[in-house]
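Reading through the structure tokens given below for one structure.
None of the values given here were measured: they were computed from a predicted structure. In this chain, numbering begins with 1 at the start of the sequence shown.
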Amino acid sequence: MPKDVRPSSGEQAKQHALEQLRQAILHGEMAPAQRLVENELAEQFGVTRASIRAALIDLEAQGLVERIRNRGSRVRVVTVEEAVAITECRMVLEGLCAAKAAVAASDEQLTELAYLGAEMTKAVADGEPVTYSELNQELHGRIRRFSGQRTAVELLERLNAQLVRHRFQLALRPGRPQHSLNEHLAMIEAIRARDPQAAETAVRAHLTSVIEALRD
């Protein structure tokens, strides 16, 4: 088989369909409640219906897809209360990661966090909420990686994937970036000071603010 020919069935085909569907959901190309028709998806991705079905089962386990009885699968709709519950779980795990990062991060990594803080400040000053949102996610991602807490990182990846729609809506809410900037800068300052307790406290304060914003 030529290297550029993709298998239409089997584990590789399922993984291809899984990654394509996951990215489409995470990037908002597939909206909440959008029906996921196996025949159409199989044709779109050049795989069998069985591969699509297996991918949808995996996505359901990840909380990105839900099956509706007698109606098939659709992109999962995450309610505000579900988003709040997920964020409460994030609070514990991200607080742990921040505390770990305050101890484990290298000096070079701490400099990276300071650079991200400066870029976030610039994005707010320039009135660029989308850029700010991207930097926000990058900051949280680096703190998770710098923590070395792999189990927490894996759990957070699953939780965060379910919050895409709510995160995007918050990012575009007038005044929200200005409000959250100081919270992120406090997180960076505590980690750079190598103060794990202050780092965890700063993350919890930030995510408490996120919960309040979700409920507004």
Side-chain angles (χ1 to χ4, degrees), residues 18-19 22-23 25-28 61-64 78 83-126 128-171 176-214:
L18 175 62
E19 185 58 24
R22 190 173 190 277
Q23 289 304 314
I25 293 170
L26 293 182
H27 290 119
Q62 294 176 22
L64 297 179
V78 177
V84 167
I86 292 168
T87 305
E88 288 174 339
C89 293
R90 282 183 60 205
M91 191 182 297
V92 177
L93 293 168
E94 297 227 23
L96 170 64
C97 286
K100 292 279 189 180
V103 175
S106 67
D107 290 344
E108 182 180 353
Q109 289 171 334
L110 295 181
T111 300
E112 291 178 31
L113 297 184
Y115 173 78
L116 278 173
E119 289 296 296
M120 292 172 78
T121 300
K122 182 177 184 299
V124 168
D126 292 345
E128 297 179 353
V130 175
T131 299
Y132 178 82
S133 178
E134 292 170 352
L135 291 166
N136 178 357
Q137 298 314 307
E138 180 67 20
L139 173 64
H140 283 273
R142 290 203 195 190
I143 292 172
R144 291 194 294 269
R145 290 200 306 275
F146 296 167
S147 74
Q149 230 295 356
R150 291 179 59 186
T151 300
V153 170
E154 290 171 4
L155 291 169
L156 281 164
E157 285 178 354
R158 287 202 172 200
L159 292 173
N160 286 324
Q162 299 173 46
L163 294 174
V164 172
R165 180 174 67 92
H166 292 283
R167 190 167 64 222
F168 188 69
Q169 289 175 338
L170 279 184
R176 180 61 196 167
Q178 292 87 338
H179 183 82
S180 71
L181 175 61
N182 286 336
E183 297 165 0
H184 288 107
L185 294 179
M187 289 162 48
I188 293 170
E189 181 180 355
I191 294 170
R192 294 189 70 213
R194 297 199 178 279
D195 186 336
Q197 185 174 354
E200 181 172 1
T201 298
V203 167
R204 284 177 170 269
H206 165 55
L207 291 177
T208 297
S209 170
V210 169
I211 288 172
E212 291 171 355
L214 285 168

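The environment of Glu189 atom CD is sparse: at most 12 non-hydrogen atoms of other residues, nucleotides or ligands sit within 6.0 angstrom. The number of heavy-atom neighbours closer than 6.0 Å to CD of Gln178, taken from other residues, nucleotides and ligands shown, is above 12.
Looking at Arg192 and Asp107, no side-chain N of the basic residue comes within less than 4.0 Å of a carboxylate O on the acidic one, giving no salt bridge.
Across all their heavy atoms, Val203 and Gly95 have their closest contact at CG1-N, 3.7 Å. Heavy atoms only, all atoms of each residue included: Ala104 and Gln109 are closest at O-OE1, 4.5 Å. Considering all non-hydrogen atoms of both residues, Ala98 and Ile191 come closest at O-CG1, 3.9 Å.
Of the possible polar contacts, none joining the Tyr132 side chain to the Lys122 backbone as a donor-acceptor pair under 3.5 Å is found. Under a 3.5 Å cut-off, the side chain of Ser133 and the backbone N or O of Pro129 do not form any donor-acceptor pair.
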Walk me through it: do Glu138 and Leu116 pass the test side-chain contact (heavy atoms from CB on, under 4.5 Å)? CA-CA 8 Å; Glu138 180 67 20; Leu116 278 173; 3.9 Å; yes
Where do His166 and Leu214 land on the side-chain contact (heavy atoms from CB on, under 4.5 Å) test, with the steps shown first?
-> CA-CA 8 Å; His166 292 283; Leu214 285 168; 3.9 Å; yes
message = Working note: Glu94 + Glu200, criterion side-chain contact (heavy atoms from CB on, under 4.5 Å); need CA distance, chi angles, decisive distance, verdict.
response = CA-CA 8 Å; Glu94 297 227 23; Glu200 181 172 1; over 6 Å; no
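Partners of His140 by ring pair (Phe, Tyr, Trp, His ring centres under 6.0 Å), not counting sequence neighbours, listed by chain and number: His184, His206.
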Side-chain donor-acceptor contacts of residues 157-165 below 3.5 Å, not counting sequence neighbours, with atom names and distances?
residue, atom, partner, partner atom, Å
Asn160, OD1, Arg90, NE, 2.9
Asn160, ND2, Leu156, O, 3.1
Gln162, OE1, Arg76, NH1, 2.6
Gln162, NE2, Gln62, O, 3.4
Gln162, NE2, Arg158, O, 3.3
Arg165, NH2, Val78, O, 3.0

Using residues 143-150 as the side-chain source, report each donor-acceptor pair under 3.5 Å to any protein atom, sequence neighbours left out, with the distance given to one decimal.
residue, atom, partner, partner atom, Å
Ser147, OG, Arg144, O, 2.6
Ser147, OG, Gln149, N, 3.1
Gln149, OE1, Thr151, N, 3.3
Gln149, OE1, Ala152, N, 3.0

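Taking OG1 of Thr201 as the start and CG of Asp195 as the end, the distance is 8.0 Å to the nearest 0.5 Å. Within the model, atoms CG of Leu113 and CG of Leu185 stand 11.5 Å from one another, a figure rounded to the nearest 0.5 Å. With rounding to the nearest 0.5 Å, the separation of CZ in Arg204 from CD in Glu88 is 10.5 Å. For the atom pair CZ of Arg142 and CD1 of Ile188, the computed distance is 10.5 Å after rounding to the nearest 0.5 Å. The line from CG of Leu139 to CD of Glu134 is 14.0 Å long, rounded to the nearest 0.5 Å. Taking CG of Leu181 as the reference point, atom OG1 of Thr121 lies at 4.5 Å (rounded to 0.5 Å).
Contact of the Thr208 side chain with the Ile211 side chain is not registered, since no non-hydrogen atoms from C-beta on lie closer than 4.5 Å.
With hydrogens and angles left out, the side-chain atoms of Arg176 and Ser209 include a donor and acceptor closer than 3.5 Å.
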